[in-house]
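Contents: one structure, followed by commentary.
Small disclaimer: the values here were computed from a predicted structure and weren't measured.
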Amino acid sequence: MDLAGKKILLGVSGGIAAYKSCELLRLLQKKDAEVRVCMTEAATQFVAPLTFASLSKCPVYLKNGAVEARPFQHIDFPRWADLYLVVPATANVIGKFVYGIADDPVSLCFMSCTCPRFVAPAMNVAMYNSPAVKRNLETLRSFENTFVLESPAGELACGEVGKGRLLEPAEIIACLESAEETRENDSEVSSSTSTSLRGACDEAIQNKISEAAQYLQETAQLDLPASAQGVNVRRVLITAGRTEEAIDPVRYISNRSSGKTAVALAATFLANGFDVGVVAGPMEAEFPGGVHVTRVRSAQQMHSAVLEQMKNVDALVHCAAVADYRPKVVATEKIKDSRSQLILELEPNPNILRDSVAAKRGDQVVVGFALETDHFAEHAKEKFEKSGADALLLNAPVASGSGFGFDEVRYALIRRGLPIPEMKMGSKLNLAQEIVDFVISKCSSR
């Protein structure tokens with residue numbers, strides 16, 4: 001099967017292997033396929049929908065819907081697709097496929113899909129070998145136009161060894177590239193077709209896996225550090241989340257940053273071939289697989305981590321909401337509630353943006369963030385000049401339904417030497433793409 005130009009619907013169910021679907025999506029795009037994503041609610045606990053939305057450049061079909069979603073996605077998405085690929089497929093969702101239960105986006109799309117359907121199981125070996133799963137997989141193989149990609153034996157996420165491991169993304173690509181040839185050469189589309197397909201997949205994996213794995217290493221850049229890959233890959237470091245400045249062992253000063261913008265940035269940089277590192281304070285949003293995350297809590301910890309890690313990157317994007325001040329004295333025991341007035345003396349935290357600009361090489365690109373609630377252009381211009389950054393993303397969480405915890409924000413990207421543009425309302429994905437495009441242009445000119 002030539003994947004170029006194919007419209008592929010990717011269904012993601014709730015297993016630990018869901019992070020590999022991010023790699024698979026990018027590999028499909030490298031093959032010039034167009035990909036949309038649907039997810040079960042459980043899958044969103046493993047990979048944030050924003051990750052798939054950023055990579056696919058399309059809203060994800062979720063059970064609870066989204067602002068951009070249409071009311072008939074369970075019909076529209078399958079009709080749009082040339083191919084439906086369920087990766088990973090849990091024991092639960094496989095059971096739904098077999099018994100016609102359609103109560104989430106992945107099972108709804110399976111039921112209404114008329115194009116070829118490929119299912120890649122992933123689960124613990126005990127579940128995979130259970131009589132119920134064995135029966136369900138056998139039944140699923142008998143469905144017309146439905147193919148089960150066998151789970152090889154290997155080390156599982158739980159540490160056990162046995163069948164149930166998800167095929168690697170490069171192996172799935174090899175199977176797909178062999179699939180159509182097999183279906184065309186077989187005179188009947190039946191359970192025997194599925195058997196032939198499985199044999200073709202096994203042969204394809206053996207013949208193509210070395211080539212596909214090398215392709216994954218050179219283009220996807222998700223799991224190995226760039227230094228280990230021996231290729232000239234651009235590296236970016238992103239600060240994310242918020243910081244927490246301790247008052248006593250149980251209280252702290254912080255803010256409401258969810259980390260959604262940083263996740264959109266990380267996913268978009270990944271989609272554009274960057275090796276992505278993150279220094280992250282506390283946050284609710286989750287990063288896609290392949291992002292190298294260093295966890296910190298305070299502004300001082302983030303300052304130290306950034307100045308150390310920035311030595312090895314081409315670009316640095318300061319997206320974290322860093323506390324400007326911290327308590328001068330931190331109580332060693334919980335401050336008792338006496339209902340009397342409590343006075344906290346604060347001292348300034350280090351300015352991570354300015355210190356990183358002072359330490360940067362001439363070939364590095366630094367982008368800062370400025371959150372303002374009034375006199376936007378005036379305050380942003382002042383901060384931009386003082387920072388010395390190459391660009392500053394001005395954002396204002398003042399409109400209803402935008403800013404902290406939401407998918408949209410009012411923003412403007414300020415570039416050195418250009419007038420300050422008008423602020424606009426847009427998605428955090430669009431914001432991320434503007435920053436990535438700017439970084440790529442600056443890196444290419446240096």
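- Arg242 places no side-chain N or O within donor-acceptor distance of the main-chain N or O of Ser254, the cut-off being under 3.5 Å.
- Between the side chain of Asn395 and the main chain of Tyr411, no donor-acceptor pair closer than 3.5 Å is present.
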- Given side-chain contact (heavy atoms from CB on, under 4.5 Å), test Leu24 with Leu10 step by step and report yes or no. CA-CA 9 Å; Leu24 177 61; Leu10 177 61; 4.1 Å; yes

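- Under the 4.0 Å criterion applied to side-chain N and carboxylate O atoms, Glu150 and Arg141 are assigned as salt-bridge partners.
- Counting heavy atoms from C-beta outward, Leu167 and Ser151 have side chains that stay 4.5 Å or more apart.
- Counting heavy atoms from C-beta outward, Phe438 and Gln433 have side chains that stay 4.5 Å or more apart.
- A donor-acceptor contact shorter than 3.5 Å is absent between the side chain of Ser54 and the backbone of Leu50.
- Side chain of Asn349 to main chain of Ala299: no donor-acceptor pair is present (N/O by atom type, distance under 3.5 Å, no hydrogens or angles).
- In terms of heavy atoms, Val439 sits closest to Ala315 at CG1-CB, 3.6 Å.
- Taking 4.5 Å as the limit, some side-chain heavy atom of Asp103 sits within range of a side-chain heavy atom of Ser107.
- Nearest heavy atom pair, residue Met123 against residue Ala89, reads CE-O, 4.0 Å.
- Residue Asp104 holds its CG atom at 9.0 Å from SG of Cys109, rounded to the nearest 0.5 Å.
- A donor atom on one side chain and an acceptor atom on the other are not found under 3.5 Å apart for Asn136 and Thr139.
- Considering all non-hydrogen atoms of both residues, Leu62 and Pro105 come closest at C-CG, 3.5 Å.
- Counting only N and O atoms by type, the side chains of Ser13 and Thr40 include no donor and acceptor under 3.5 Å apart.
- Side-chain atoms of Ser304 never come within 3.5 Å of backbone atoms of Met302 as a donor-acceptor pair (strictly under, hydrogens ignored).
- Between Asp314 and Val365, the closest side-chain pair of non-hydrogen atoms is not below 4.5 Å.
- Using a 4.5 Å heavy-atom threshold, the side chains of Val37 and Val12 count as touching.
- A donor-acceptor contact shorter than 3.5 Å links the side chain of Thr268 to the backbone of Ala264.
- A donor-acceptor contact under 3.5 angstrom links the side chains of His292 and Asp275, judged on distance only.
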- Item | Derivation of the side-chain contact (heavy atoms from CB on, under 4.5 Å) call for Val366 and His318 | CA-CA 8 Å; Val366 177; His318 292 274; 3.8 Å; yes

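- In summary, Asp390 and Arg415 do not engage in a salt bridge, as defined by a charged side-chain N under 4.0 Å from a carboxylate O.
- With respect to Pro88, the side chain to side chain contact (heavy atoms under 4.5 Å, CB included) criterion is satisfied by exactly one of Val93, Val119, Leu166: Leu166.
- Annotation: cation-pi geometry not satisfied between Arg117 and Tyr84 (NZ/CZ under 6.0 angstrom from ring centroid, within 45° of ring axis).
- Using a 4.0 Å cut-off between charged side-chain N and carboxylate O, Lys424 and Glu434 make a salt bridge.
- The pair Glu378-Lys381 does not count as a salt bridge, with every side-chain nitrogen at least 4.0 angstrom from each carboxylate oxygen.
- How far SG of Cys319 is from CE of Met283: 8.5 Å, rounded to the nearest 0.5 Å.
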- Under the side-chain contact (heavy atoms from CB on, under 4.5 Å) rule, what do Ser21 and Phe52 come out as? Steps first, then yes or no, please. CA-CA 9 Å; Ser21 297; Phe52 286 112; 3.9 Å; yes

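- Contact between Glu171 and Glu168 at its shortest, heavy atoms only, is OE1-N, 2.7 Å.
- Considering all non-hydrogen atoms of both residues, Cys113 and Cys115 come closest at SG-SG, 3.1 Å.
- In this structure the side chain of Gln364 reaches within 4.5 angstrom of the side chain of Met310, judged on heavy atoms.
- Separation of atoms CG (Leu270) and CG (Leu55) is listed at 7.0 Å; rounding is to 0.5 Å.
- Of the N and O atoms on the side chains of Glu245 and Thr243, at least one donor lies less than 3.5 Å from an acceptor on the other residue.
- Of the charged side-chain nitrogens involved, at least one lies within less than 4.0 Å of a carboxylate oxygen, so that Glu244 and Arg297 count as a salt-bridged pair.
- Between Met1 and the choices Ile173, Leu83, Asp82, the side chain to side chain contact (heavy atoms under 4.5 Å, CB included) rule is met once, by Leu83.
- Within the model, atoms OG1 of Thr239 and NE2 of His303 stand 12.0 Å from one another, a figure rounded to the nearest 0.5 Å.
- Between the CZ atom of Phe274 and the CD1 atom of Ile238 there is a distance of 9.5 Å, given to the nearest 0.5 Å.
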- Task: Begin from the C-alpha positions of Lys20 and Val87 and carry the test side-chain contact (heavy atoms from CB on, under 4.5 Å) through to its verdict.
- Result: CA-CA 8 Å; Lys20 290 188 178 182; Val87 180; 5.9 Å; no

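- The ring-ring contact (aromatic ring centres under 6.0 Å, His included) test with Phe97 is passed by exactly one of Phe110, Phe118, Phe143: Phe110.
- The shortest distance between side-chain heavy atoms of Leu3 and Glu177 falls below 4.5 Å.
- Not a single donor-acceptor pair under 3.5 Å links the side chain of Gln45 to the backbone N or O of Gly14.
- Residues Leu393 and Ile435 have side chains in contact (heavy-atom distance under 4.5 Å, counting atoms from C-beta outward).
- Shown here are the salt bridge (Lys or Arg N to Asp or Glu O under 4.0 Å) partners of Glu385, two or more places apart in sequence or in another chain: Arg416.
- Looking at Lys383, its side chain does come within 3.5 Å of a backbone N or O of Phe369 through a donor-acceptor pair.
- The two residues Phe77 and Pro59 come nearest to each other via the heavy atoms CZ-O, 3.9 Å.
- Here Lys30 contributes atom NZ and Asp32 contributes atom CG; the two are 9.5 Å apart, rounded to the nearest 0.5 Å.
- Residues satisfying the salt bridge (Lys or Arg N to Asp or Glu O under 4.0 Å) test with Arg326, not counting sequence neighbours, are Glu347.
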